Every structure is written in C-alpha cells, then in structure tokens.
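Following: one structure in structure tokens, then a few remarks.
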Amino acid sequence: MQRSGRPTIRDVARAAGVSPTTVSHALNGKGTVRKETVERVQRVATEIGYRPSPIAQGLQRSRLGLLALVIRPFHSLDTFLPEGVDYFLRIAGAAGVTAMEHGYSLMMVDDPTRPGVPFSARAADAYIVTEPFENDPVLTMLSEQHIPFVTVGADPARRDEFITLDEGADQQAQLMITHLAEAGAQRIALVTGTDRNDWNLGSQRTLERWCAARGHEPLILSLPEVEGERAGEAIVDHFFAGERAEHPDAVFCLTGRHAAGVLQAATRRGIRVPEDLLLAAGSGSLQNRTSRPTVTTLNLRPEETAQRAVEIAVRLAEGERVEGPLSVPRATLDIRESTSRPPRG
C-alpha cells in the first residue's frame, strides 16, 4: 500500500534503528557519527525516499536562494488580474526571469503580515516591495525581523529609512502635465487612487505646484483603484457639473482603467476627445491602446524596473552593502490620439 505524504526524518530514524538527532547529524555532516552508521542512514533514506526539506536546509545555511515579490497595490484590488492591466504581469515576469539569471527563484507573496500566512511567505532571503503604503506594516515587519528588502517607490512617511528605488513620481507626473500643457491644456484635472503611496501623493503634489504657479485651484479627485472603468461617470460628474468656465480641458488619470472610464462617459455626453477634452493616463491598460480614440499614457518601463529591483535584492541577500540614491529608469510618453489635436485652420 502506498504511503500518504513524504517520509520524515522520524521514519528514517525508525527504519535505521537510530535517533532522529543521529539521522540529522549523519545527513548533514554534523556531530560525531560512526562511518558505518552514516552509511546505513544514507542507505535507508534513499530506500524509503526521504528528502530533506529545502527550507530547513536553507535556514541551516542562512540562505535559500529565494526572493519574494510583494506587489502592494494588490491589497486594494478585488483581483490579482485586473482586466486589461498588464503592468503587474510585466513586473512579475521580468522579476522572475531576472532572479533565475542570478541563480535565485522568485515567489509572489500577497501580504506576509496577515494572520495565518504560510511559513514560506516569510522565508525568503530578500524581498522586493512595490508601491508601499504610508507607514506600511510589511516594511515594519521586515525591518523588525532584520530581513533584507528593497522597495520600488518610497514609504511616504519613512522616505529615508529604507533602501528604496525612487520611482520619481513627481517627475513622472510633471512629464505628463508638461505634455498636456504643450498640447493646449490650461485647466488640468488629476484623478488619483486612494492608496496613500508615493505614486498618488507625489502626483498630487506636482499638480498642486503647477496650479499654484498659474494662480488657480487644483482640480483633484481621488477614487478607489478597484472602481476601474466604473469610475468614469463619477469623474465626469465631478469635474463637469459646475459652471462651464470651471470645467477642465484635460483629465490626467493615474490608472489606465480610470482613463478608459472617462473616455466612455465623456463620449456618452457628447464631450469629444481630443477636440474638447485632452485625456491621458499614468499607467496604461489594454483599453487605452485599443479604444477610439487611443489614449496617451506614460510608459513606466516595468521590465527594467523589475530587473533593477532584483539585482539589488540579490546583493542584499548575499550580504552586500547597497548605497543610495537608487532610481528606476525614467518613464517615457506613449503619445496617442487622445492628446493629439488636429491643427487649427
């Protein structure tokens, strides 16, 4: 009859007629064990199919050859695969391949601080945490347990406390705002998510500075990322309900799905994009590339960001000292129809 489960060290000890401690010493080359006993234990282990736990062996060596990726925006979504969004897949895929290039494996972890999390979620040699929240409990746990980690984007409340790849959220937002202004926008509205991370907060600061320099109040709305395209009606209602002179002539949504929703809602109301309203997104989605008109987005270069983060995580896992400042590759513009007005005349 086939046995359920894999054999344990106690099974080897019972079959070899020795203690579990002797089995451990014999298989790991520790302690003082007679040669004949070592050979018997090894033979029995092979016969019954015993394999030492890779995690246990890794802990003994103080290294598992394992990195963990924690994508914090998942915490605010209702799915790990939001429709049309490939950014997270591109980050995870590039990180996994880069880890293998360095001789490591990569696992994705939802939230290693939640109750009942599997042991493996806290067993990596180093962690990569993307878009941490303000006073993020994941960073607190890793720091308190002296587990190496690098963040992609700063914890807004603890900007200089941890090893961080600075995304340059302010510069990313400035790049898009400058493009919209050059395309003719004078009243730019910003739609952020509700997560208190550096991406949302830094983009908001940038628009506030831009508006202050022009002497008008900033037009900013924060809506949950999980709303996706459903947020479009609420966004258009918010910005186009008052006096016409107060309406924006451009809307910059940080998420591509919010921007897709704005395009749909604006079209239903007869607001033409780009003739009446310029529209752009900070992180693109499939909807932005296939809609009519197509929507201008930032290219955040996730593959290069992931590669850089893994390289730093590997150095941390191997005990190297990492000096800052560190940054991700600079974002670029994917200019499409939604910000390309035809020449007047």
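Every heavy atom of this structure was used, including side-chain atoms; hydrogens, water molecules and symmetry mates were not. Every value quoted in this text rests on a predicted model; they were computed, and no experiment measured them.
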Mind listing the closest non-hydrogen atom pair of [X] and [Y] along with its distance?
{"X": "L263", "Y": "P293", "result": "CD2-O, 3.5 Å"}
{"X": "T296", "Y": "M176", "result": "CG2-CE, 4.0 Å"}
{"X": "L77", "Y": "P82", "result": "CD1-CG, 4.0 Å"}
{"X": "S203", "Y": "A169", "result": "OG-O, 4.1 Å"}
{"X": "M108", "Y": "A92", "result": "SD-CB, 3.7 Å"}
{"X": "F239", "Y": "L190", "result": "CZ-O, 4.0 Å"}

So for atom [atom1], which belongs to [X], do other residues, nucleotides or ligands contribute more than 12 heavy atoms lying within a distance under 6.0 Å?
{"X": "E217", "atom1": "CD", "value": "no"}
{"X": "R10", "atom1": "CZ", "value": "no"}
{"X": "Q186", "atom1": "CD", "value": "no"}
{"X": "E83", "atom1": "CD", "value": "no"}

With side chains defined as the heavy atoms from C-beta onward, is the minimum distance between [X] and [Y] less than 4.5 Å?
{"X": "L67", "Y": "S105", "value": "no"}
{"X": "P73", "Y": "F88", "value": "yes"}
{"X": "N299", "Y": "L333", "value": "no"}
{"X": "L278", "Y": "V273", "value": "no"}
{"X": "I235", "Y": "L223", "value": "yes"}
{"X": "V44", "Y": "D11", "value": "no"}
{"X": "E318", "Y": "V314", "value": "yes"}
{"X": "R196", "Y": "N200", "value": "no"}

Let's go through N288 and S285 carefully: what are the C-alpha distance in whole Å and the side-chain angles of both, what is the deciding distance for side-chain contact (heavy atoms from CB on, under 4.5 Å) to 0.1 Å, and is it a yes or a no? CA-CA 5 Å; N288 306 143; S285 66; 3.3 Å; yes
Salt bridge (charged side-chain N to carboxylate O under 4.0 Å, His left out) between R257 and E229, intermediate numbers included: CA-CA 5 Å; R257 294 199 301 166; E229 291 171 71; over 6 Å; no
Using 0.5 Å steps for rounding, measure from the [atom1] atom of [X] to the [atom2] atom of [Y].
{"X": "D198", "Y": "D155", "atom1": "CG", "atom2": "CG", "value": "9.0 Å"}
{"X": "E304", "Y": "I91", "atom1": "CD", "atom2": "CD1", "value": "10.5 Å"}
{"X": "W199", "Y": "S283", "atom1": "CH2", "atom2": "OG", "value": "4.5 Å"}
{"X": "R205", "Y": "Q174", "atom1": "CZ", "atom2": "CD", "value": "12.5 Å"}
{"X": "E39", "Y": "E36", "atom1": "CD", "atom2": "CD", "value": "6.5 Å"}
{"X": "E167", "Y": "R301", "atom1": "CD", "atom2": "CZ", "value": "13.5 Å"}

same_hphob_cluster([X], [Y]) at 4.5 Å side-chain heavy-atom cutoff:
{"X": "F74", "Y": "L254", "value": "yes"}
{"X": "I335", "Y": "V295", "value": "no"}
{"X": "I147", "Y": "F162", "value": "yes"}
{"X": "V251", "Y": "I220", "value": "no"}
{"X": "L106", "Y": "M100", "value": "no"}

Worked check of side-chain contact (heavy atoms from CB on, under 4.5 Å) between L298 and T332: CA-CA 6 Å; L298 286 172; T332 57; over 6 Å; no
Taking [X] for its side chain and [Y] for its backbone only, find out whether a donor-acceptor pair lies under 3.5 Å.
{"X": "D136", "Y": "F133", "result": "yes"}
{"X": "D125", "Y": "G65", "result": "yes"}
{"X": "E337", "Y": "T294", "result": "yes"}
{"X": "R272", "Y": "L277", "result": "no"}

Would you kindly say whether [X] and [Y] are connected by a side-chain donor-acceptor distance under 3.5 Å?
{"X": "S76", "Y": "D195", "answer": "yes"}
{"X": "R336", "Y": "T297", "answer": "yes"}
{"X": "S222", "Y": "T192", "answer": "yes"}
{"X": "H258", "Y": "T255", "answer": "yes"}
{"X": "E208", "Y": "Q204", "answer": "yes"}
{"X": "T140", "Y": "S143", "answer": "no"}
{"X": "S291", "Y": "Q287", "answer": "no"}
{"X": "T164", "Y": "T151", "answer": "yes"}

R289 bridged to D334 by N-O distance under 4.0 Å: no
Are the charged groups of R321 and E323 less than 4.0 angstrom apart, N to O? yes
Parallel, tilted or perpendicular: which one describes the rings of W210 and H216, with boundaries at 30° and 60°? perpendicular
Mind running side-chain contact (heavy atoms from CB on, under 4.5 Å) on I188 and L219 for me, showing each step along the way? CA-CA 7 Å; I188 300 173; L219 303 174; over 6 Å; no
Salt bridge (charged side-chain N to carboxylate O under 4.0 Å, His left out) between R187 and E246, worked out: CA-CA 8 Å; R187 290 182 58 81; E246 300 298 317; 3.6 Å; yes
Would you sort out whether I128 and V70 count as a side-chain contact (heavy atoms from CB on, under 4.5 Å), showing the intermediate values? CA-CA 6 Å; I128 300 164; V70 184; over 6 Å; no
Does the salt bridge (charged side-chain N to carboxylate O under 4.0 Å, His left out) test come out yes or no for R114 and D111, once each step is laid out? CA-CA 6 Å; R114 62 180 173 82; D111 183 350; over 6 Å; no
Looking at I312, T305, V310, which hits side chain to side chain contact (heavy atoms under 4.5 Å, CB included) with R308? I312
Using the rule given for salt bridge (charged side-chain N to carboxylate O under 4.0 Å, His left out), can you reason through E233 versus R269, listing the C-alpha separation, both sets of side-chain angles and the distance that settles it, and then say yes or no? CA-CA 10 Å; E233 290 291 340; R269 299 180 190 212; 2.7 Å; yes
